[in-house]
Amino acid sequence: MIDYSDPFDHDVPAPRPGGIAARASAALRKADADYLAGLNPEQREAVETLDGPLLVLAGAGTGKTRVLTTRIAHILALGKARPFEILAVTFTNKAAREMRERVGKLLGQAAEGMQWLGTFHSIGTRILRRHAELAGLHSNFTILDTDDQIRLIKQVLAAENIDDKRWPARQLAFAIDGWKNRALSPKEVPVGEAQSFAAGRGAELYAMYQARLRQLNAVDFGDLLLEPIRLFREHKDVLEQYHRRFRYMLVDEYQDTNTAQYLWLRLLAQGSKNLACVGDDDQSIYGWRGAEVENILKFDRDFPGAKIVRLERNYRSTGHILNAASHLIAKNEGRLGKTLRPQTELGEKVTVAGSWDSGEEARAIGDEIEALHSKGHKLDEIAILVRASFQMREFEERFITLGLNYRVVGGPRFYERAEIRDAMAYLRVIASPADALAFERIVNTPKRGLGDVTVKLIIERARADSVTLPEAARRLCDAGEIKAKARQALKDLVLSFDRWTGLIDKMRHTELAEMVLEESGYTDMWAKDRTAEAQGRLENLKELVRSMEQFENLRGFLEHVSLVMDVDGARGEDAVTIMTLHAAKGLEYDTVFLPGWEEGLFPHQRSLDESGRAGLEEERRLAYVGLTRARRRAKVWFASNRRIHGMWQSSIPSRFLDELPEPDVDVIEAPASYGGGSFGGMGGSYGASRFDQQKPFNSTYDTPGWRRAQENRAHATAGPGARSGGPMTIEGELVASSTAKSAGFGRGARVFHQKFGNGTVVEVDGNKLTVAFDKAGHKRVLDGFVQAA
DNA sequence: GGCATTACCGTTTTT
DNA sequence: CGGTAATGCC
């Protein structure tokens, strides 16, 4: 069992003389200067301002984590609080782990006493388990992940006879998530928003979903924050316990907090008022999943008397890179304003280079990396940061042909893989037979001849008798209400589960897991599978069992998995890292490649469409994050042709390129081999044109860039049609709209395409043409991209 | 109930 | 174009 009992419900004992806390404090007091000495004045101020609300605006690379960890050390060293009286929250497990590690380095064992260092969700879980009964739950409630959540919603929709074609469960899940992010209970959902799902039944369905969760003794991720908030509001005595408990509170990445997290913090901060938040409004890139930059912008209004400390000395990047990033981000309105000050030499300029298409972009970057590598640069110190994951593939393919080591960060997570989720479902049912969703998942995996019909019967029976699914299954078998062959299979399964459950305390959980996977026929299922990935899945299952070893028992492991959805991939060989810009936040590399800076991709069209100016600003912050990942070299690329959804589209350089400061940027002329010369003009005109109009724009919708993007999207204009000195890169021109007329090309028409040259139309499908190009073969293209030859 | 074919869709992602 | 989800057929 997990030990949920920290000294809480009773009064906390004073530090034992000679105990860990006391010893750590003494050691630190002695070493005083040691941990404060290395700090610059601002950092020191952030560490030493202990009482009252504090906002630390920490620009990229200014020593944010160091401030946080040193601050904790300082609190403990001064004896202001004991380790378990400090609340320290992060967003990700990775960040929490890192913080614990670094505090550990400063303090030794005292870091282990920090029971309240963790993610919002893990701390929320802890609180909720302790007071589960007040929320209508048992303390052993299960935490559903997104997958379970969707399946549950599907059931709710089915029960209400709502056509999940018209109203997909995913969409409702998304809406509920959004409401929970904003701490809205079903009753509080704004009428207009409830209206938007299933003819006004949104809020009603949300309420039903909540009711089902309670029936299942389950919560979703949102509840881990919402329920504690409700608890605090409705039970003053509970809130007061925590007020007494948390003498100091620290929050990392405050710019990423959503409304629920903000309310949660505000409730807790009413106690000691010693709330220190660290963040950077310029690195807020999660608005699309509910983060409210507003929270950081209004901090001093929410927490009166708040002190604000700015960390602006950047120790990471060289001058040109920082200047470029600062200049770019300065285009954003509504920011608190910081200027990153380089602490080293100017270094290399940021480079901007163009390529003919995405393939060439990958080739050119691959070549550059090889060149760096042969000059002795480590691949570990090189990263490619993309806006969208589909961009990764081209790089992977190229690197495979080059034989260049690479690693992709992100992608399908270990615990989200089907085989892992199946195995987990088995373990969940064993640990708690009441876990209905888990039972449903594996009742017929591997195939046992228990189809929809049987499962439906089980569910109905369970509901009628209010028993667990395994129990309902047993009753159905006994009553002989199902067909003979299904009955035998079901009986076997139920008996197996009984047996496994009985073994929980009798054997090691790792052995039990192996046994279950073996006896259930699950491993066999994959062993017999001859698809390419089956072998990997078996490997993953072994890995799962291995990862269980670090836990004392099954329950401890299950708790870990529901909250910690990542496994640290071993950092193996020297390799180039490929990842999204989002995933790169918080990381740094000597050399950073930033491909795909094209309108529509970056800034992403959807961001602009859905969130307008706010969306554009978030994209710009993403660009800022990208640039500031680089220590010594930032290399921006754009391609004039990119294949999206299987069709070639022309693109024009990102407006962000125009927002980089000329003195800090080198525009690389395309080598003659690239783009057959037609591209050289691009680089040239880019350099010549972009400073013509440097006025900051007021409304996004009213600028050349915006119109340009709109035009580009609407007509899929032939960007590269603007050859040397063409209108394409000149601000204020509507780009090549003349070629965009969707002319009715008929079958057999001779056409010319920028990338593929001349060809004959062989098929017409709306505005999509299939063209037999003389040289390039058959391709599908949008009619906007070709002209009559 | 299981498998094959077709329809659909296509940022970013943590917990 | 390529992956997944959902239908339809055996």
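First the proteins, then the strands, lettered A, B, ... as listed; each starts at 1.
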### Task
For C/dA5 and B/dT12, measure between their P atoms and round to the nearest Å.
16 Å
### Query
Is there a donor-acceptor contact under 3.5 Å from the side chain of A/Asn181 to the main chain of A/Asn258?
no
### Query
Hey, do the aromatic rings of A/Tyr286 and A/His582 have their centres closer than 6.0 Å?
yes
### Query
Which listed nucleotide (B/dT15, B/dT11, C/dG2) is nearest to the side chain of A/Ser607?
B/dT11
### Task
Give A/Glu619 one of three labels, base, sugar-phosphate or nothing, depending on what nucleic acid heavy atoms sit under 4.0 Å from its own.
base
#### Entry: Interatomic distance, A/Arg643 CZ vs B/dC9 P [rounded to whole Å]
21 Å
#### Entry: Touch class at under 4.0 angstrom, heavy-atom based, for A/Thr454 against every strand present
sugar-phosphate
### Query
Do NZ/NE/NH1/NH2 and the carboxylate oxygens of A/Glu460 and A/Lys456 come within less than 4.0 Å?
no
### Summary
On DNA chain B, more 5' by nearest nucleotide between A/Val453 and A/Ala388 is A/Val453
### Query
Does A/Lys483 or A/Leu622 map to a spot on DNA chain B nearer the 5' end, using the closest nucleotide for each?
A/Lys483
### Query
For A/Arg621, which contact category applies under a 4.0 Å heavy-atom criterion: base, sugar-phosphate, or nothing?
nothing
### Message
When you measure from the side-chain N and O atoms of A/Ser122 to the phosphate of B/dT15, is any distance below 4.0 Å, counting only OP1 and OP2?
### Response
no
### Query
Any stacking of A/His582 on B/dT12, going by centres under 5.5 angstrom and planes within less than 30 degrees?
no
### Message
Rounding to an integer number of Å, can you tell me how far A/Asp177 CG sits from B/dT12 P?
### Response
17 Å
### Task
Using atom CZ of A/Phe390 as one end and atom C1' of B/dT12 as the other, report the distance to the nearest whole Å.
12 Å
### Query
Quick one: is A/Asn93 getting a side-chain N or O under 4.0 Å of the B/dT15 phosphate, OP1 or OP2?
yes
### Query
Can any side-chain N or O of A/Glu619 pair as donor or acceptor with the backbone N or O of A/His604 at less than 3.5 Å?
yes
### Query
Can A/Trp288 be classed as stacking with the base of B/dT12, given a centroid separation cut-off of 5.5 Å and a plane angle cut-off of 30°?
yes
### Task
Could you check how far CE of A/Met525 sits from P of B/dG2, rounded to whole Å?
12 Å
## Note on the structure
In whole angstroms, the gap separating C1' of C/dG3 from NE2 of A/His645 amounts to 13 Å
### Query
Can B/dT12 be described as syn, meaning its chi torsion is within 90° of 0, or is it anti?
anti
### Task
Please state whether the phosphate of B/dT13, meaning OP1 or OP2, lies under 4.0 angstrom from any side-chain nitrogen or oxygen of A/Thr92.
no
### Query
Of all the choices, B/dT15, B/dT12, B/dC3, which nucleotide is nearest to the side chain of A/His121 once you look at every atom?
B/dT15
### Result of checking A/Phe638, A/Trp637, A/Phe602 against A/Trp597 for ring-ring contact (aromatic ring centres under 6.0 Å, His included)
A/Phe602
### Task
Calculate the interatomic distance between A/Ile176 atom CD1 and B/dT15 atom P; express it in whole Å.
21 Å
### Query
A/Ser389 side chain N/O closer than 4.0 Å to the phosphate oxygens (OP1, OP2) of B/dT12?
yes
### Message
So, does A/Asn444 get its side chain near the phosphate of B/dG2, meaning an N or O under 4.0 Å from OP1 or OP2?
### Response
yes
### Message
Less than 4.0 angstrom from a charged side-chain N to a carboxylate O is my criterion; do A/Arg643 and A/Asp357 meet it?
### Response
no
### Message
Can you measure A/Gln605 atom CD to B/dC9 atom P for me and round it to whole angstrom units?
### Response
19 Å
#### Entry: Spacing of A/Lys485 atom NZ relative to B/dG2 atom C1', expressed in whole Å
11 Å
